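Computed from a prediction, not measured in an experiment: that's the story for all the values here. The figures that follow rest on heavy atoms only: side chains count, while hydrogens, waters and symmetry mates do not.
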Amino acid sequence: MTIDWLHFTPWTSLAGGLLIGAAAALLILLNGRIAGISGILGGLLRAPRTDRRWRLAFLGGLLLAAPLWRGIAPLPAMHPVAGDAALVLAGLLVGFGTRLGAGCTSGHGVCGLARLSPRSLAATVTFMLAGAVTVFVLRHLVGG
């Protein structure tokens, strides 16, 4: 994937970040829950029926946001350079990593860091380092 720097819009990026923060803050203030996507998704299978509704609503909003935004403004073009098998493998590794780290980037990076959690700081630093090492290996050692 390449970043389209010509059409990069810092104001929409800032607005998106503010909306993510607002959503996380509202979820914890109104529902007492952390907005960690892996935990919300994983909890669907074992949560009580009343707990499933808010999880489905949150995930539904997450999935519907991009198509709804597309009706307002165009989405940036994506040009993945990896094949389907690599994308599936990467997704599985991310899923395995979130289970191993007891949370994902949204839970640890957005909510955990906002709560000054040392565990979330360690997890977020590990996510970032693993990503940087992966990009370095793929681009400079493997030649992708």
Side-chain angles (χ1 to χ4, degrees), residues 1-5 7-139 142 144:
M1 178 184 298
T2 58
I3 297 175
D4 184 5
W5 290 108
H7 298 99
F8 176 68
T9 54
W11 294 112
T12 55
S13 300
L14 178 64
L18 289 173
L19 287 174
I20 290 170
L26 285 174
L27 186 63
I28 200 163
L29 288 173
L30 299 177
N31 203 11
R33 303 294 181 151
I34 300 293
I37 306 307
S38 63
I40 292 172
L41 180 62
L44 271 178
L45 299 176
R46 59 182 186 281
R49 185 180 197 103
T50 56
D51 209 34
R52 287 187 191 138
R53 283 185 277 180
W54 75 264
R55 292 174 188 273
L56 286 171
F58 192 89
L59 293 172
L62 195 67
L63 293 173
L64 289 174
L68 289 175
W69 180 257
R70 188 178 299 145
I72 298 169
L75 292 173
M78 294 180 54
H79 308 286
V81 293
D84 291 342
L87 292 175
V88 169
L89 177 63
L92 290 173
L93 288 173
V94 168
F96 180 72
T98 59
R99 296 303 289 173
L100 193 63
C104 59
T105 52
S106 59
H108 283 299
V110 175
C111 299
L113 290 181
R115 297 178 326 152
L116 304 176
S117 165
R119 185 175 73 119
S120 291
L121 177 62
T124 304
V125 168
T126 304
F127 296 153
M128 300 298 287
L129 285 175
V133 168
T134 301
V135 168
F136 178 80
V137 168
L138 290 177
R139 292 214 172 165
V142 177

Interatomic distance, [X] atom [atom1] to [Y] atom [atom2] [nearest 0.5 angstrom]:
{"X": "F127", "Y": "T105", "atom1": "CZ", "atom2": "OG1", "value": "6.5 Å"}
{"X": "T134", "Y": "L129", "atom1": "OG1", "atom2": "CG", "value": "10.5 Å"}
{"X": "L30", "Y": "I28", "atom1": "CG", "atom2": "CD1", "value": "11.0 Å"}
{"X": "L68", "Y": "I72", "atom1": "CG", "atom2": "CD1", "value": "7.0 Å"}
{"X": "W54", "Y": "L27", "atom1": "CH2", "atom2": "CG", "value": "5.0 Å"}
{"X": "L100", "Y": "L93", "atom1": "CG", "atom2": "CG", "value": "11.5 Å"}

Can you give me the closest heavy-atom contact between [X] and [Y], atom names plus distance?
{"X": "H108", "Y": "G101", "result": "NE2-O, 2.9 Å"}
{"X": "S106", "Y": "A35", "result": "OG-O, 3.5 Å"}
{"X": "R55", "Y": "G43", "result": "NH1-CA, 3.5 Å"}

Legend entry - Step-by-step salt bridge (Lys or Arg N to Asp or Glu O under 4.0 Å) determination, D51 to R46: CA-CA 9 Å; D51 209 34; R46 59 182 186 281; over 6 Å; no
Inset, instruction - Find out whether T98 and V94 are in side-chain contact, i.e. whether some heavy atom of one side chain is under 4.5 Å from a heavy atom of the other. - result: yes
Inset, instruction - Check whether any side-chain heavy atom of L44 lies under 4.5 Å from a side-chain heavy atom of L59, and answer yes or no. - result: yes
Legend entry - R52 CZ: over 12 foreign heavy atoms closer than 6.0 Å: yes
